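Because the structure is a prediction, the values reported are computed rather than measured. Numbers here simply count residues along the sequence, with the first being 1.
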Amino acid sequence: MIVILMGVTGCGKTTVGALLAEQCGWEFHDADDFHPPENVAKMKRGEALTDEDRWPWLERLHAFLLNSERQGKSLVLACSALKQAYRDRLARGCAAARFVFLDGDKEMIRARLAARKGHYMNPTLLDSQFAILERPQDALRLDTGDSPAEMVRSIRQALDV
């Protein structure tokens with residue numbers, strides 16, 4: 001199984017994903033690590049990525065997911081995947097992919113971002129992420145107000161892992 005935790009920056013994808021992967025004995029990967037240096041620099045400057053910036057990154061992630069599935073690996077990927085087109089590109093041909101949407105209140109997430117240290121994502125980009133967010137219809141939806149442990153419990157129960 002490939003679990004893709006999606007949502008805006010600061011919603012808890014990495015925290016929840018790492019905990020889920022640890023409990024299941026799976027690999028954990030953060031899609032941020034797949035960005036080319038130009039994308040990282042742009043985000044550090046507070047510039048929102050365009051679709052043109054994202055397509056090569058999404059293709060790299062798609063190839064990684066397909067390769068992992070071919071190898072029979074179960075894993076957790078933390079990835080914003082804000083638009084349906086992005087999710088379609090990521091999961092194309094990947095039967096093992098399951099999306100989990102970490103959905104939350106913008107002001108609560110903004111407060112989390114203000115307290116976060118050591119991440120290149122500029123907190124000023126939160127508004128642009130909410131502006132392009134297309135809430136998925138086919139994903140498990142969790143409230144980011146729940147604790148990471150509660151969210152992992154919900155994921156494991158819903159996906160039977």
Practice prompt. Provide the closest heavy-atom pair for I2 versus C94 in the form atom of the first, atom of the second, distance.
Written response: CD1-SG, 3.7 Å

Worksheet item: Short question: side chain of R54, backbone of L49 - any donor-acceptor pair under 3.5 Å?
Response: yes

Item to complete: Please assess M6 against V100 for the test side chain to side chain contact (heavy atoms under 4.5 Å, CB included), listing each intermediate value before the final yes or no.
Response: CA-CA 6 Å; M6 55 141 313; V100 177; over 6 Å; no

Response to the item:
Closest non-hydrogen contact found for A81 with L90 is CB-CD1, 3.9 Å

Fill in: Atom CD of Q157 with >12 non-hydrogen neighbours under 6.0 angstrom
no

Worksheet item: Just wondering, do D53 and K42 contact through their side chains at under 4.5 Å, heavy atoms?
Response: yes

Worksheet entry | Separation of S128 OG from M43 CE (nearest 0.5 Å) | 10.5 Å

Worksheet item: Measuring from L61:CG to H29:NE2, what's the distance to the nearest 0.5 Å?
Response: 10.5 Å

Worksheet item: How many angstroms lie between atom CD1 of I109 and atom CD of Q129, to the nearest 0.5 angstrom?
Response: 9.5 Å

Worksheet item: Taking all atoms of both residues into account, what is the closest heavy-atom pair of G104 and T144, and its distance?
Response: CA-OG1, 3.0 Å

Discussion item. Once rounded to the nearest 0.5 Å, what's the spacing between atom CG of L5 and atom SG of C11?
Written reply: 8.0 Å

Worksheet item: So do L65 and I4 actually touch side chain to side chain, heavy atoms under 4.5 Å?
Response: yes

Discussion item. For residues L77 and V161: do they belong to one hydrophobic cluster (side chain heavy atoms under 4.5 Å, members Ile, Leu, Val, Met, Phe, Trp, Tyr)?
Written reply: no

Discussion item. Evaluate V8 against F130 for side chain to side chain contact (heavy atoms under 4.5 Å, CB included), listing each step before the verdict.
Written reply: CA-CA 7 Å; V8 298; F130 269 102; 3.8 Å; yes

Response to the item:
Output for pair (L19 CG, C24 SG), nearest 0.5 Å, gives 9.0 Å

Discussion item. Any carboxylate oxygen within less than 4.0 angstrom of a Lys/Arg side-chain nitrogen, looking at R110 and D127?
Written reply: yes

Fill in: From CA spacing to verdict: side chain to side chain contact (heavy atoms under 4.5 Å, CB included), D88, Q84
CA-CA 6 Å; D88 291 345; Q84 187 61 49; 2.8 Å; yes

Item to complete: Answer yes if M108 and V16 sit in the same cluster of Ile, Leu, Val, Met, Phe, Trp and Tyr residues linked by side chain heavy atoms under 4.5 Å apart, and no otherwise.
Response: no

Worksheet item: Take atom CD in Q137; do more than 12 heavy atoms of anything else shown fall under 6.0 Å from it?
Response: no

Response to the item:
M1 and S74 have their tightest heavy-atom pair at N-OG, 2.9 Å

Response to the item:
All heavy atoms of T9 vs all of L126, minimum pair found to be O-CD1, 3.8 Å

Practice prompt. Answer yes or no: is there a donor N or O on one side and an acceptor on the other, between the side chain of R87 and the main chain of L82, under 3.5 Å?
Written response: yes

Worksheet item: Looking at D103, V152, L102, which one forms a side chain to side chain contact (heavy atoms under 4.5 Å, CB included) with L142?
Response: L102

Worksheet item: If you measure from the Lys or Arg side-chain nitrogens to the Asp or Glu carboxylate oxygens, is any gap between D51 and K83 under 4.0 Å?
Response: yes

Fill in: Whether E69 side chain and A95 backbone form a donor-acceptor pair below 3.5 Å
yes

Worksheet item: Under a 4.5 Å cut-off applied to non-hydrogen side-chain atoms, are P36 and R60 in contact?
Response: yes

Discussion item. Can you give me the closest heavy-atom contact between T15 and P148, atom names plus distance?
Written reply: CG2-CG, 3.8 Å

Worksheet item: Measuring from L58:CG to Y86:OH, what's the distance to the nearest 0.5 Å?
Response: 7.0 Å

Worksheet, complete the sentence: For W26, the ring-ring contact (aromatic ring centres under 6.0 Å, His included) test, sequence neighbours excluded, returns none

Discussion item. Tell me whether K13 contacts the main-chain N or O of G7 through its side chain, where contact means a donor paired with an acceptor under 3.5 Å.
Written reply: yes

Discussion item. Can you confirm whether L159 sits close enough to V3 that some side-chain heavy atom of one is under 4.5 Å from a side-chain heavy atom of the other?
Written reply: yes

Worksheet item: Would a 4.5 Å heavy-atom cut-off, applied to side chains only, mark W57 and C79 as touching?
Response: yes

Worksheet item: If we only count heavy atoms from C-beta on, is the F101 to D138 side-chain gap below 4.5 Å?
Response: no

Discussion item. Could you tell me if the side chain of R156 sits less than 4.5 Å from the side chain of L20, heavy atoms only?
Written reply: yes

Practice prompt. Could you walk me through whether F28 and T14 pass the side chain to side chain contact (heavy atoms under 4.5 Å, CB included) test, one step at a time?
Written response: CA-CA 9 Å; F28 171 75; T14 300; 4.0 Å; yes

Fill in: N-O pairing of E59 and R92 below 4.0 Å
yes

Worksheet item: Judged by atom type as modelled, is there a donor-acceptor pair below 3.5 Å linking the side chain of E27 to the main-chain atoms of L75?
Response: no

